[in-house]
A.B. asks: 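I'd like to ask some things about the structure below.
A note on names: the letters A, B, ... follow the listed sequences, proteins ahead of strands, and every chain is numbered from 1. The structure presented is a predicted model; accordingly, all values stated were derived computationally and were not measured.
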2 protein chains.
Amino acid sequence: MTAVKKHDVFQAIADPTRREILYLLSDQRLAISEITSHFSITRTAVVKHLTILSEAKLVSGEKVGREKIYYLHAEPLTEIKDWLSYFERFWDNKLSMLKYLVENEEEDKA
Amino acid sequence: MTAVKKHDVFQAIADPTRREILYLLSDQRLAISEITSHFSITRTAVVKHLTILSEAKLVSGEKVGREKIYYLHAEPLTEIKDWLSYFERFWDNKLSMLKYLVENEEEDKA
DNA sequence: TTGACATGAAACCTTTTGGTGTTATAATGA
DNA sequence: TCATTATAACACCAAAAGGTTTCATGTCAA
């Protein structure tokens with residue numbers, strides 16, 4: 001898919017297959033063929049998804065014998081969490097927002 | 001880009017321009033041309049980004065006179081927050097994880 | 001009514017995505 | 001040693017992403 005460093009963590013989680021891979025690796029370390037067995041796509045396609053996840057530093061692979069074992073590295077997801085935190089006030093403060101609107105409405109009446 | 005409903009919220013936030021648009025709209029409602037003035041891309045490209053954001057229900061547009069005013073609708077971002085919450089244990093529990101590892105190491109020594 | 005402004009819509013272009021298939025190489029196990 | 005297993009490394013492909021340009025249409029303000 002790609003050669004150099006390109007994909008960031010936002011792009012990495014954009015694909016449902018990649019999100020599923022992250023979920024699989026949250027429980028256990030898995031070889032490429034084991035990951036592939038969970039999907040209906042080819043091993044080659046899985047490897048490309050793993051490459052993108054690697055570029056985003058979300059997974060790492062380690063060669064063990066003839067297998068390559070992948071494992072989760074969740075820390076980069078904090079970047080998304082941080083980005084999200086800015087927008088949290090727009091749903092967390094729904095009640096205070098409503099309160100504010102009601103108060104202003106009463107001022108209009110007065 | 002697309003006609004029918006296709007893009008989900010994960011795809012919508014994958015693009016940095018779209019994330020910037022969401023940020024712009026968090027302060028104020030803006031017309032298409034006003035949004036465009038913040039970027040170095042054409043109005044047409046901005047409209048396509050707005051369409052994708054609309055499909056993900058993250059923004060809505062309202063025609064006012066000859067302008068089309070867009071505004072933020074942040075609630076769908078909770079889907080990302082919820083997804084993220086599953087992985088939070090992998091960075092929040094770093095200290096407990098370390099504690100666990102140290103304890104196991106001592107057991108190995110014994 | 002006439003421009004200037006704001007948008008809509010279509011056609012087109014290039015690069016990236018998400019897949020496939022094939023071939024080659026390395027480790028395993030009987 | 002030999003067939004099997006697990007990957008790596010390519011080449012190839014259709015469709016989607018992200019842009020652009022061009023032209024048409026609706027609206028506001030004189």
A.B. asks: Would you tell me if any nitrogen or oxygen in the side chain of Thr17(B) comes within less than 4.0 Å of OP1 or OP2 on dG18(D)?
C.D. replies: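 No, because none of the side-chain N or O atoms of Thr17(B) sits under 4.0 Å from OP1 or OP2 of dG18(D).
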A.B. asks: In whole angstroms, how far is the P atom of dT5(D) from the CD atom of Glu34(A)?
C.D. replies: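 For the pair Glu34(A) CD and dT5(D) P, the rounded distance is 15 Å.
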A.B. asks: Quick one, His7(A) and Ser54(A) - any side-chain contact, counting heavy atoms below 4.5 Å?
C.D. replies: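 Counting from C-beta outward, His7(A) and Ser54(A) never come under 4.5 Å.
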A.B. asks: Does Arg29(B) have any side-chain contact (heavy atoms from CB on, under 4.5 Å) partners at least two apart in sequence or in another chain, and if so, which?
C.D. replies: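 For Arg29(B) the side-chain contact (heavy atoms from CB on, under 4.5 Å) partners, ignoring immediate neighbours, are Glu62(B), Ile69(B), Tyr71(B).
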A.B. asks: Is any side-chain heavy atom of Leu58(B) closer than 4.5 Å to one of Ile13(B)?
C.D. replies: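 Result yes, sub-4.5 Å side-chain heavy-atom pair found.
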A.B. asks: Nucleotide by nucleotide, 5' to 3', does protein get under 4.0 Å of the base (B), only the sugar-phosphate (S), or neither (-) in nucleotides 20-30 of chain D, counting heavy atoms?
C.D. replies: BB-----BS--
A.B. asks: Once ring pair (Phe, Tyr, Trp, His ring centres under 6.0 Å) is applied, what residue pairs with a partner in residues 11-48 of chain A remain, sequence neighbours excluded?
C.D. replies: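 Listed once each, the pairs are Tyr23(A)-Tyr86(B).
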A.B. asks: Is there a side-chain polar atom (N or O) of His7(B) under 4.0 Å from OP1 or OP2 of dA17(D)?
C.D. replies: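 For His7(B), the contact criterion (side-chain N or O under 4.0 Å from OP1 or OP2 of dA17(D)) is met.
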A.B. asks: Regarding Gln11(A), tell me which of base, sugar-phosphate or nothing describes its non-hydrogen contacts under 4.0 Å with the strands shown.
C.D. replies: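 Result for Gln11(A) = sugar-phosphate.
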A.B. asks: Within less than 4.0 Å of OP1 or OP2 of dA17(D), is there a side-chain N or O belonging to His49(B)?
C.D. replies: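 No.
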A.B. asks: If you define the side chain from C-beta out and look only at heavy atoms, does anything of Asp15(A) sit under 4.5 Å from Ile52(A)?
C.D. replies: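 No, every pair of side-chain atoms sits at 4.5 Å or beyond.
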A.B. asks: Is there a side-chain contact between Leu50(A) and Val46(A) (heavy atoms, below 4.5 Å)?
C.D. replies: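 Leu50(A) vs Val46(A): side chains touch.
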